[in-house]
2 protein chains.
Amino acid sequence: MKNDLTPKQQQVLQAIKRFHRENGYPPTVRELAELFGQSSAAGIHKILQVLQEKGALRRGESGKSRSFMVMDDLLGEDKSHRARSCPIIGNVVAGMPQLAVEEREGELYLDSDWVGQEDIFLLRVRGHSMIDADIRDGDLLVVQMTQTCRNGDIIIALLEEEATVKRFYKEVERIRLQPENPSMQPIYVNKDDPNFRIIGKVKGLLRRY
Amino acid sequence: MKNDLTPKQQQVLQAIKRFHRENGYPPTVRELAELFGQSSAAGIHKILQVLQEKGALRRGESGKSRSFMVMDDLLGEDKSHRARSCPIIGNVVAGMPQLAVEEREGELYLDSDWVGQEDIFLLRVRGHSMIDADIRDGDLLVVQMTQTCRNGDIIIALLEEEATVKRFYKEVERIRLQPENPSMQPIYVNKDDPNFRIIGKVKGLLRRY
DNA sequence: TTTTTAGGTGTACAGATGTTCATATAAGTG
DNA sequence: CACTTATATGAACATCTGTACACCTAAAAA
C-alpha cells in the first residue's frame with residue numbers, strides 16, 4: 001500500500017524535492033500549489049496528508065511552515081551509514097540546562113560504533129591539567145551525557161563552575177573524585193553539593209597532529 | 001571582510017546547518033533563539049542580517065519563513081560523503097607492499113574533515129613504548145600512507161621489521177628518528193638503508209575508554 | 001571618559017502559512 | 001444510476017513568522 005502513489009502524489013513529492021534542491025529550503029503549501037498552477041492551497045494540503053499517511057513524507061508538528069522531510073532524502077543520510085554527527089563544544093559552562101549552544105564550535109561525524117545512540121558531544125580540552133592521563137591541550141573528549149556513573153568511570157564534572165576530568169568513585173555518604181594524576185589528592189564532595197554536577201562520562205578521545 | 005565573523009555569528013551559522021541536517025528543513029528565527037536559550041527573536045534576527053551583509057548567508061524574499069541558505073552548504077560538500085571508511089590494521093608487518101589485508105581487524109568511519117582524500121588507515125598501538133607521547137596501548141593512530149615527510153612530522157617507520165613511531169628529521173646525509181620520549185636516544189639511518197622504510201605519517205589519534 | 005559595536009529583551013504588527021469547511025468536478029466502479 | 005476516489009476552489013481562521021521599534025548591557029575602541 002505504501003508505494004501505491006497516484007501520479008499527482010508522486011509529482012508533489014518530486015516538486016518538494018526539486019524546490020528544496022534548487023532553493024536550499026522546502027516550499028510552503030501555497031508555493032507548491034502555485035507550482036502546479038493551482039489557485040488554492042487546500043488541494044495540495046490534502047495530498048500532503050495522504051502522503052504522510054502513506055509514509056512517503058514526514059512533517060514537523062502541525063502548523064510548522066515548510067517542515068517537509070521527503071523520506072527518500074533520508075535514505076541519503078543512510079549512506080553516511082554508520083556516521084553520526086556530534087557537536088564540538090569548546091567549553092562546558094555553568095548553567096547548562098541542556099547544552100549551551102553558545103559554545104558550539106563545530107561538528108564532526110563519528111562512527112556509530114563508537115558513539116552508539118547516546119547523547120554525545122565532543123569537548124575540547126583546554127590547558128595541560130590532564131597531561132597525566134595522556135590527555136593533551138586541544139584534544140577532543142567524546143562525552144556521553146549521563147548522570148549515572150559507575151565506579152571507575154572517567155567523568156566530566158562541574159566543580160565550582162569549572163569543568164574537570166576525574167575518576168568517579170561512590171563511597172558511603174560522599175563521592176570521591178580521583179584525579180588522573182596520582183600525585184594529586186582526591187576531592188570529596190557530597191552528593192547534593194550544589195557546586196557539584198556531573199555532566200557526563202568520557203567514552204573516548206580524539207587527537208589531531 | 002567576508003570571513004570576519006564573530007564567534008556568535010559562526011555559532012548561529014552552525015546551528016542553522018545542524019538544525020537543517022537533523023530536521024530536514026531550516027529553522028525559524030524563533031527556533032534559533034530558542035536553541036540559544038534566548039527569549040526574544042530580535043537578537044537572532046539582527047545577527048541574521050549581519051550574516052547576510054557579510055555574504056555568509058542567503059535568504060529568500062523578505063518575510064519568507066525558514067528561507068535560509070548557508071553558503072557553506074552550497075559548496076557542494078556532499079553530506080553523504082562526509083564519512084569515509086578507514087581500515088583498522090592491527091599490526092604493521094614487514095613485507096607490506098600495499099597493506100597487509102590479513103592484519104585487518106575492522107573498519108571505522110571517520111569524518112572526511114579529518115582524513116581528507118588521502119590514503120588512510122588506522123594502526124592499533126601495541127605496548128607502552130609510546131607512553132611518553134601520550135599514546136597508550138590500544139590507541140588507534142590515524143596514519144596517512146606517504147613517503148614524503150617534513151621535518152618534525154610524526155611518522156610510522158619500519159625498522160628492522162618492526163614498526164615504530166618517531167619524529168622525522170632529515171639531516172645532511174642521513175635521517176634522524178627522534179623518539180617521542182626525550183630520555184631515549186635518537187636513531188640515525190641512511191636514506192637507502194634497506195632495513196628502513198617509511199610507512200606513513202601520523203595525523204591523529206583515537207582512544208576509547 | 002564617551003562612543004561604538006555586538007547582542008539581548010519585550011512588545012507589537014502585518015503578512016505568511018497551515019488548516020478546516022463547504023462545495024464542485026471528473027473519472028472510475030458496482 | 002448511485003457511490004466512491006482523487007482533486008480543485010474559495011473563503012475563513014488561528015498561528016506562525018519575519019520584521020520593526022525602543023531600550024538595555026557589556027565589552028572594546030577612541
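Below, chain A is the first sequence line, B the second, and so on; all start at residue 1.
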Assess B:Arg176 against B:Tyr169: is NZ or CZ under 6.0 Å from the centre of the six-membered ring, and within 45 degrees of the ring's axis? yes
According to side-chain hydrogen bond (donor to acceptor under 3.5 Å, both in side chains), who are the partners of B:Thr146, at least two apart in sequence or on a separate chain? B:Thr148
To the nearest angstrom, the OH-P distance between B:Tyr25 and C:dG18 comes to 12 Å
Please identify each residue that fulfils side-chain hydrogen bond (donor to acceptor under 3.5 Å, both in side chains) with A:Arg174, with sequence neighbours left out. A:Glu171
Is the phosphate of C:dG10, meaning OP1 or OP2, less than 4.0 Å from a side-chain N or O of B:Ser39? yes
Distance in angstrom units between B:Glu53 CD and C:dA6 C1', rounded: 13 Å
Under 3.5 Å between N/O atoms: give me all the protein pairs with nucleotides 16-22 of chain D, atom names plus distance.
residue : atom : partner : partner atom : Å
D:dT17  : OP1  : A:Ser65 : N            : 3.1
D:dT17  : OP1  : A:Ser65 : OG           : 3.2
D:dT17  : OP1  : B:Arg66 : NH2          : 2.7
D:dG18  : OP1  : B:Arg66 : N            : 2.9
D:dG18  : OP2  : B:Val29 : N            : 2.7
D:dG18  : O3'  : B:Gly63 : N            : 3.2
D:dG18  : N7   : B:Arg30 : NH1          : 2.7
D:dG18  : O6   : B:Arg30 : NH2          : 2.8
D:dT19  : OP1  : B:Ser62 : OG           : 2.8
D:dT19  : OP1  : B:Gly63 : N            : 3.3
D:dT19  : OP2  : B:His45 : NE2          : 3.2
D:dT19  : OP2  : B:Arg59 : NH1          : 3.1
D:dT19  : O5'  : B:His45 : NE2          : 3.4

OP1 or OP2 of C:dG10 versus the side-chain N and O atoms of B:Gln38: is any pair under 4.0 Å? no
Just to verify, what does A:Lys8 make a side-chain hydrogen bond (donor to acceptor under 3.5 Å, both in side chains) with, not counting sequence neighbours? A:Gln38
Without decimals, in angstroms, what is the distance between B:Gln9 CD and C:dA6 C1'? 8 Å
Round to a whole Å and report the spacing from NZ of A:Lys8 to P of C:dA26. 16 Å
Measure CD1/A:Ile47 against P/C:dT19 and give the value in whole Å, please. 14 Å
With sequence neighbours excluded, tell me which residues meet side-chain hydrogen bond (donor to acceptor under 3.5 Å, both in side chains) with A:Arg167. A:Glu180
From CD1 of A:Ile16 across to C1' of C:dG18 the rounded distance in Å is 14 Å
Set of side chain to side chain contact (heavy atoms under 4.5 Å, CB included) partners for B:Ala41, sequence neighbours left out: B:Val29, B:Arg30
Whole-Å gap separating P (C:dG18) and CD1 (A:Ile44): 12 Å
Applying a 4.0 Å non-hydrogen cut-off, can you work out what A:Leu48 is touching in the nucleic acid: base, sugar-phosphate, or nothing? nothing
